[in-house]
Protein chains: 4
Amino acid sequence: MDTPEPRPHTGRRRNEAARQAILDAALRLAGAADGASVTIDAIARAAGVGKQTVYRWWPSKGAVLLDALIDRAGQDVTVPDAGTLHDELRSFVATTFEAAQQDPTSAVLRALLRESARDPHLADLLQRYTATRRAVLHALLERGRARGELATGADLDLMVDQVYGLFWYRFVLGHGPLDAPTAERLTATLLAAAGQAGRLPSGPADAD
Amino acid sequence: MDTPEPRPHTGRRRNEAARQAILDAALRLAGAADGASVTIDAIARAAGVGKQTVYRWWPSKGAVLLDALIDRAGQDVTVPDAGTLHDELRSFVATTFEAAQQDPTSAVLRALLRESARDPHLADLLQRYTATRRAVLHALLERGRARGELATGADLDLMVDQVYGLFWYRFVLGHGPLDAPTAERLTATLLAAAGQAGRLPSGPADAD
Amino acid sequence: MDTPEPRPHTGRRRNEAARQAILDAALRLAGAADGASVTIDAIARAAGVGKQTVYRWWPSKGAVLLDALIDRAGQDVTVPDAGTLHDELRSFVATTFEAAQQDPTSAVLRALLRESARDPHLADLLQRYTATRRAVLHALLERGRARGELATGADLDLMVDQVYGLFWYRFVLGHGPLDAPTAERLTATLLAAAGQAGRLPSGPADAD
Amino acid sequence: MDTPEPRPHTGRRRNEAARQAILDAALRLAGAADGASVTIDAIARAAGVGKQTVYRWWPSKGAVLLDALIDRAGQDVTVPDAGTLHDELRSFVATTFEAAQQDPTSAVLRALLRESARDPHLADLLQRYTATRRAVLHALLERGRARGELATGADLDLMVDQVYGLFWYRFVLGHGPLDAPTAERLTATLLAAAGQAGRLPSGPADAD
DNA sequence: CGATAAGCGAGACGGTACGTCGAGTCTTGTA
DNA sequence: TACAAGACTCGACGTACCGTCTCGCTTATCG
């Protein structure tokens, strides 16, 4: 049973240099100024590219930004896998906090939020992206539970959302710190509760 | 010698009916469809009002929406002040969750987020608004601490932001429930940790 | 020393089927709808041909149309050479009128005019094409003059342009008929005047 | 029975200065260069006006040009009404020839033709405009016929179209002169024929 | 027979102009 | 002076064609 030989490809191939130039331009513009003027026209002009070339490959401005984020700033939050759940979780949270506040990433994240507010399609993409991030954290917690460091009844989804909820809330409003001590205290809070799961109201089955 | 009584008033007075019509129209449009087409032109047209009349009294579209939210849907989250901190907190959280998901409020909140992403002025207003909400919750916690129900070292700001962070995170993404059981578990988590404050790393001075 | 015999030929030969398909597609599209959407892309797509294949052989869209016109509809206006100048002229005019109003030709002519308005290169081609048409009519008149049926001072160029002028004017605007009676009356007008050339102001030398 | 009092007018009035600036800019651009770059954007920019203001009042670029032509260059071909039909006709034709070849008018006419080729709406407008021009010439001829200077059977429509046909044909192609001698010879041709109407095949009733 | 040289379908590329939308401002006449 | 109406400038939007440029492949001719 061989492959249906869909089509070996025909026509000119995508210009990788143009792709890079567009992502670069998007990052540069998102980082500059107050984030206004992140326009498709501006991105295309800054990349030395026709507008159509942007629209050919991305459905919206925000999709470009998201792509830029994943390509350029996505590889930084790694799971350390060192020792106790407490250490792992604290490290994960602190790294997440820190990474988001570095210079290009922060601007892109804000630009993404700005765009996703208008563009339902981007909102969808962003939702999918955040889901993968949640999944990573969820897996981390699950490994801890498997090692007996969490009560079996612990609501992992809630724990995950408490981390990312706090993160986004402070990131957007900027009224409170997202630093290492905060990561430490947040971790302690979550584990203090989940370690006493017997006294907690039982969460959902959480079979995943 | 006090102010020279400059002029009691001259010219036509503000038309209260127009104000109401504008807020109504804003709510109606924000609730309708997917929330797109909440335009100043659309609001003015729907309210049977000139655009200038909107701009005369509000600095931006978002300010109109925020005003509508406060006028129409703002008075519902009250602090019960009944019994233990645990009950008070659970009630507050559950009420917050519920109120935000009712029909006109939910749409307006989403419209507000959408606008605040673009409009820095509205972002400022919204920040001030959320600050008042945080202050209410902070006061609630502080009363509890005064009654000895919280460790003295507890980071109240962190607790507040965990509540609102989870709320906004789930409200925006819609991937998890914001129901009474969730409120219950969240409350339990927060208090389980804060009751053992002695074992927590000490938070900031929290002098407010 | 003649041409350096550059190279007899090498490589693949021109695909005649593609040529025909392109001309067919051009005619079909020019005839369809209101004539809009006669695009190079559309022609190429309709002909199942790459755009480059069009540009390889024709300098512009209009050149394709002109080629189609000459190939498909060009051979119909013949000079009868039967009897008197009056009869010949009337026949020529009537045939010209009729031929232009037949179905594929009419649409292509209009499409050509449309394109030539934009494309200076096509305008040039079209000018050359109309010049050959004028030359045919001019020769017909000259033969008549040689037979003594026209005054020697007659301005043949003016007569030619009166025929084609009337034709194009009515063809484009469509406000008056281009039928046999019109051809008859036009012929009579021209000959009535040119038969009395002695009383006319003398025209240019008309040496051609 | 009074008027239905449609509306006394409300809202800001049309800015006449903007209208003039747009027409001026259109003429200027049409006259400059080779006529390319007569763009809506360019007109708006040159007029110091938003694009929307152009679109608010004219359906297309060509409509602007036509308006400019009528406003600025339309008042020049007047009917002299001096003496014989021959003199009147010659004068009319010569003036028409001359006016069209003066500097701003010529460019605008060419730009109009260019646009009308693409824009069916403009083609319609242009058709209406040419009809009014034909009507003027038709009236001139009719007065001559009433004075007995034309045969009663003369096909006035044909005569009119011979004048304008020759004019447009030479104006567009530019292969022959549109000067006073040409006007003189054309006039002579037309009148030579129409003066002998008895020998012409009878035209249409021409009852207008 | 292989090397070389086009021609070909497909389609991505940098551009330019299009016509529309929404924003915030301004100018009318009326109340 | 507020108001309804609506014209104004500005700037971004997403689309349509233009003419050019690769791709991988298919023919042809020539050494």
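In what follows, chains carry the letters A, B, and so on, assigned in the order in which the sequence lines appear, proteins first and then strands, with residues in each chain numbered from 1. Everything numeric in this text was worked out from a predicted model, so none of it was measured.
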Given E/dG11, F/dG6, F/dC3, which nucleotide is nearest the side-chain atoms of D/T10? F/dG6
Options E/dC8, E/dC13, F/dC3, nucleotide nearest the side-chain atoms of C/T53: E/dC8
Give the rounded distance in Å between these two atoms: [atom1] of [X] and [atom2] of [N].
X	N	atom1	atom2	value
D/E16	E/dT27	CD	C1'	16 Å
B/R19	F/dC3	CZ	C1'	17 Å
A/W58	F/dG14	CH2	C1'	16 Å
D/R45	F/dG11	CZ	C1'	13 Å
C/L122	F/dC18	CG	P	13 Å

Any residue meeting side-chain hydrogen bond (donor to acceptor under 3.5 Å, both in side chains) with D/N15, in chain and number order, not counting sequence neighbours: none
Can you list every salt bridge (Lys or Arg N to Asp or Glu O under 4.0 Å) pair that touches residues 8-18 of chain A, not counting sequence neighbours? A/E16-A/R19
Would you tell me if any nitrogen or oxygen in the side chain of [X] comes within less than 4.0 Å of OP1 or OP2 on [N]?
X	N	value
A/R56	E/dC13	yes
D/W57	F/dC8	yes
C/R14	F/dT27	no

State the CZ-OG1 distance between B/R110 and B/T105, to the nearest 0.5 angstrom. 11.5 Å
Between A/N15 and D/R13, who's closer to the 5' end of DNA chain E by nearest nucleotide? A/N15
On DNA chain E, compare the nucleotides closest to C/A47 and C/G11; which residue's is nearer the 5' end? C/G11
B/D119 bridged to B/K61 by N-O distance under 4.0 Å: no
Nucleotide by nucleotide, nucleotides 21-26 of chain E touches protein heavy atoms under 4.0 Å in the pattern (B base, S sugar-phosphate only, - none) BBSBBB
What's the shortest heavy-atom distance between C/L112 and C/G62, and which atoms? CD2-O, 3.5 Å
Write down the atom of A/A30, the atom of A/A107, and the distance for their closest heavy-atom approach. O-CB, 3.3 Å
Working note: D/D41 + D/R45, criterion salt bridge (charged side-chain N to carboxylate O under 4.0 Å, His left out); need CA distance, chi angles, decisive distance, verdict. CA-CA 6 Å; D/D41 289 78; D/R45 210 175 321 116; 5.0 Å; no
